[in-house]
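Working notes, beginning with the structure itself.
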Number of protein chains: 2
Amino acid sequence: MSPVKAGKRRTDGARAADGRTPGNRGRATRERLLKCTADLLEKTSYRDLTVIEIARCAGTSPATFYQYFSDVEAAILMLARAMAGHGAALATLIREANWKGKAGFDTAGELVNGFLELWEEHRSLLRVVDLATLEGDLRFQNIRTHLLNQVTEALRDVVETFRSQHPSDLDPTAQAATIVSLLAHVASHRYGFEFWGIRTDHIRRSVTRTLYWTVTGRQPPGA
Amino acid sequence: MSPVKAGKRRTDGARAADGRTPGNRGRATRERLLKCTADLLEKTSYRDLTVIEIARCAGTSPATFYQYFSDVEAAILMLARAMAGHGAALATLIREANWKGKAGFDTAGELVNGFLELWEEHRSLLRVVDLATLEGDLRFQNIRTHLLNQVTEALRDVVETFRSQHPSDLDPTAQAATIVSLLAHVASHRYGFEFWGIRTDHIRRSVTRTLYWTVTGRQPPGA
DNA sequence: TGGCAAACTGACGGTGTGTCACAAACCTAT
DNA sequence: ATAGGTTTGTGACACACCGTCAGTTTGCCA
């Protein structure tokens, strides 16, 4: 799979070719290659995603691809980095919304929806990020963390707020991480549920209630 | 990646070579190949797992591999099928244990441990099962469902038991699926948590409490 | 020991990878 | 417009893996 075992894991950020200053045309093809990588990732299984096809789609030769990325993974890494920022919006939602009473329950619902939408938007990318993370790839693990940690930390702070009124021996960070796990997994397996006859809407309500309860430590209003 | 695009997704169960009756030597090498596939899956990333290496490990030629499996995925599929049965033990635990009061809380803890152990045992395999499932591969999706559905259904029944005393408008199946999502995700990202300073033990307690509450609809005892 | 099915493999055409050295396209200053 | 320099693209290559098939080896037992 990798003819030159050594030279594979090259470091490369948004590098321009060898080390030259990037021009206009260059950025265009780079963008085209990224777009094609993303598109093909939707249609092709990760294992079968190939440089040749990406190049063909972008209307260039495979050699050109290697001028911008060291391998397919590197291109996916770029896409993932671009996506990771989107976690910020969720964190902001958590921090600025009201978590008390009925309004709090609505906030929980919005957060669940936020997760479902984020995963809907970046489904195929998140698949690979998850796999690579589980395989121990630190670069992807960092991205995943960057994405989810913002949410986890925001949730932890909310949990701590309620802790004063409602003491508990649980670790707030662990509770927040638990919730984030739930949200991430449900969001990514949404279609799996539907396939087996479990309506997304039912899941949404169930998760919302669990979320509210775990964060606030109280029974949801009107349950 | 696949020279003959057509002939790839061949059907093959525990088939013996072409159509011949399986002998003793045959089963042995088949087993050896499976073992090597499993071992290499631990060390190699899924994307880089290759027939050549599997064959080398098993001390045979690559051609031999193709006498038993149509491709690497098929071998992994076999391993996954063998593992899927292990969900039964968890379902039994759920069905036969007591879910009331303090004993119920202990049951919840045991279930969480059961998940952690199952994932510990089959980490690399479950990674691939998850990816393939999310990529829409029905064969893997079936395996994953077979594994998790037993648990989900058992939990749903328990949820319904409590429902009579504690009415709710939530769909019991959705609640069970929610819980199973939580358990599966936490089990698979266990090391990720530890890496970021969240002790598995804290997660375990947090999940146990959420599990107990969702199943019974009551505050855990001694909280 | 001969015969026969089961098990294995060498060799091959096809496709993908990753690296060059070189060619083409694009400035920009004269 | 055009020469000279830089950026960008590519053909060709050496290597690795895939998946097939014809033909060989192995093991069994009559």
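Throughout, protein chains are lettered first and strands after them, A, B, ... in sequence-line order, and every chain is numbered starting at 1.
- OP1 and OP2 of dA7(C) both lie 4.0 Å or more from every side-chain N or O belonging to Thr60(B).
- Where Val51(A) and Arg32(B) each meet DNA chain C at their nearest nucleotide, the meeting point lying more 5' is that of Arg32(B).
- To the nearest angstrom, P of dG18(C) lies 10 Å from CD of Glu73(A).
- At whole-Å resolution of the value, CG in Leu49(A) and C1' in dT17(C) are 14 Å apart.
- For residues 70-89 of chain A, every residue pair satisfying the ring-ring contact (aromatic ring centres under 6.0 Å, His included) rule, not counting sequence neighbours, is listed here: His86(A)-His122(A).
- With dA7(C), dG18(C), dT10(D) as the choices, the nucleotide that has an atom nearest any side-chain atom of Tyr68(B) turns out to be dA7(C).
- The separation between Asp48(A) atom CG and dC17(D) atom C1' is 13 Å, rounded to whole Å.
- The side chain of Thr50(A) places an N or O atom within less than 4.0 Å of a non-bridging phosphate oxygen (OP1 or OP2) of dT17(C).
- Partners of Asn142(B) by side chain to side chain donor-acceptor pair (under 3.5 Å), not counting sequence neighbours: none found.
- Atom OH in Tyr66(B) sits roughly 4 Å away from atom P in dG19(D) (whole-Å rounding).
- A search for side chain to side chain donor-acceptor pair (under 3.5 Å) contacts involving Ser206(B) returns Thr178(A), not counting sequence neighbours.
- Summarising the geometry, the separation between CD1 on Ile52(B) and C1' on dA11(C) is reported as 13 Å, rounded to the nearest angstrom.
- The residue Thr64(A) sits close to a base: some heavy atom pair falls under 4.0 Å.
- Phosphate contact (OP1/OP2 of dG10(C), side-chain N/O of Ser61(B), threshold under 4.0 Å): absent.
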Give the B/S/- string for nucleotides 21-30 of chain D, one per nucleotide from 5' to 3', where a protein heavy atom under 4.0 Å of the base yields B, of only the sugar-phosphate yields S, and otherwise -.
B----SS---
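- The interatomic distance linking Arg47(A) (CZ) with dC18(D) (C1') rounds to 11 Å, in whole Å.
- Annotation: salt bridge (charged side-chain N to carboxylate O under 4.0 Å, His left out) contacts of Glu120(B) (sequence neighbours excluded): Arg123(B), Arg190(B).
- The CZ-C1' distance, from Phe65(B) to dC18(D), rounds to 11 Å in whole Å.
- Sorted by first and then second residue, the disulfide (SG to SG under 2.5 Å) pairs involving residues 34-80 of chain A (not counting sequence neighbours) are Cys36(A)-Cys57(A).
- Figure legend: cation-pi geometry between Arg199(A) and Phe193(A) absent, as NZ or CZ is not positioned both under 6.0 Å from the six-membered ring centre and within 45° of its axis.
- Thr44(A) places no side-chain N or O within 3.5 Å of a backbone atom of Leu41(A) that could act as its donor or acceptor partner.
- For Phe69(A) and dT19(C), the CZ to C1' distance is 18 Å, given to the nearest whole Å.
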